[in-house]
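The block underneath contains the structure these notes are about, expressed in structure tokens.
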Amino acid sequence: MPRTLRSTPLEDGFRMPGEFEPKAGCWLGWPERPDVWRNGGKNAQGVWVDICAAIAKSEPVTVCASAAQYLNARNRLPDEVRVVEMSTNDSWFRDTGCAFVLNDHGDVRGVDWTFNAYGGLNGGLYFPWDKDDLIAQKMLEMENLDRYRSSLIAEMGGIQCDGEGTLLTTEQCLLNENRNAHRGKAWVEEQLRSYLGVEKIIWLPRGCKFDETDGHIDDLACWVAPGELLLHWTDDTTDPQYEIYQEAYKILSNETDARGRALKIHKIMQPAALEWTAEEATGLDSDTGAHRRVAGTKICASYINYYMGNTVVVVPEFDDPMDKPAQALLKRLLPDHQIIGIENAREILLGGGNIACITQPQYAGQKR
């Protein structure tokens, strides 16, 4: 029987791995919420199938679907994908699923952050979120793994770790008044160190514009290896993201990681700005959340919001001239991986995120 532990991962010798480390599997939800996913999720479900099939080339995939959608998910997904019934409020498993942590003996446990749907009653994206706050615990019970529960309000889309003691995040997200501002920066840092086993935290002031999640890092920058980062970029000085990228680059260029290495930064050019069409907006049920999506609403599109598996990198495509150059850069940086582009990834963007946001990697135990 898995335990809920009173100690912390740091005390027990556990750490958060880097996303480039070996996976034992990948977890996703199943989209159906009609005020988030247009046409009751039918458009997004087709993209989900493509993503799951791509990841399944690399590692086992589990999809958690509601009782009402179980048979639909089971019939549409490839046979090799495990489908289980689970009650959820929505399908953002990067943020609601547990963060799997490892020790040097090959053991795996999970960190269960407190989740409040990206802001609770102060700008949160939907209500209620009680079922989503139980997802991490359910995952760990299914895998028979011990659990750490933290009162830090956090989502893994807002956190990037290099596996060697360095964490990258944004003040806009973790220090937001609708997350942890009342606790103070020092308390937040103590929670990150204690529950992820990191030694150094690099703070960027903010994430990308048009991001509904209050500045998640996973649209702006990510680790591709220890000491190496991908940073979203534009050279267009009139672009609304330009100042944010410049600010991040300046900070990162003057930083070192937990091991004292200067950071190597690879710039990946962004796609053109996107926005909701009238046809897309009419496909939503009346919005019961705090965020209203209408025609003309800007969308945060990023190539960095990908999933890195053991042998594949599953990256969004936007029918944009930058799609192929982005994939070529990823192939150069990750030559041992197959780069798989996902057409119609826009459908996930319409829900409020992209491929990284819907996937939670389960890391494999490693003896060191």
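Worth saying up front: this structure is predicted, and the values here are computed from it rather than measured.
Residues Trp37 and Asp90 bring a donor and an acceptor atom of their side chains to less than 3.5 Å of each other. Judged purely by distance below 3.5 Å, without hydrogens or angles, the side chains of Asp236 and Thr234 never pair a donor atom with an acceptor atom. Tyr126 and Asp35 share no donor-acceptor pair across their side chains, judged by distance under 3.5 Å alone. Side-chain contact of Tyr306 with Asn354: a donor-acceptor pair under 3.5 Å is absent, judged by distance alone. With no hydrogens or angles considered, a side-chain donor-acceptor pair links Glu189 and Trp203 at under 3.5 Å. In summary, the side chains of Gln69 and Gln45 do present a donor paired with an acceptor at a separation below 3.5 Å, with no hydrogens or angles considered. If you check the side chains of Glu317 and Gln327, you find a donor sitting under 3.5 Å from an acceptor. Between the side chains of Glu280 and Thr277, a donor-acceptor pair is found at a separation under 3.5 Å. Side-chain atoms of Asp320 and Gln270 form no donor-acceptor pair, as typed in the model, at a separation below 3.5 Å.
Phe100 and Val111 fall within the same hydrophobic cluster, defined by Ile, Leu, Val, Met, Phe, Trp and Tyr side-chain heavy atoms under 4.5 Å apart, directly or through other members. In the hydrophobic clustering of this structure, Leu28 does not group with Leu140; members are Ile, Leu, Val, Met, Phe, Trp, Tyr whose side-chain heavy atoms approach within less than 4.5 Å, directly or through other members.
Each salt bridge (Lys or Arg N to Asp or Glu O under 4.0 Å) pair with one or both residues in residues 266-277, not counting sequence neighbours, appears once here: Glu275-Lys298. Sequence neighbours left out, the pairs with a member in residues 151-174 that pass salt bridge (Lys or Arg N to Asp or Glu O under 4.0 Å) are Glu155-Arg179, Glu164-Arg259, Glu164-Arg261, Glu171-Lys185.
In this structure, Phe115 has its ring center no closer than 6.0 Å to that of Trp113. In this structure, Trp30 has its ring center no closer than 6.0 Å to that of Trp92.
Under a cut-off of 6.0 angstrom, the local environment of CG in Asp104 is crowded, with over 12 non-hydrogen atoms contributed by other residues, nucleotides or ligands.
Geometric assessment of Arg183 against the ring of Trp187 yields a positive cation-pi assignment under the 6.0 Å and 45° thresholds. With a 6.0 Å cutoff to the six-membered ring centre and a 45° limit on the axis angle, Arg82 counts as a cation-pi contact of Trp27.
Taking the six-membered ring where the residue is Trp, Tyr303 and Phe318 present tilted rings, their angle falling between 30° and 60°.
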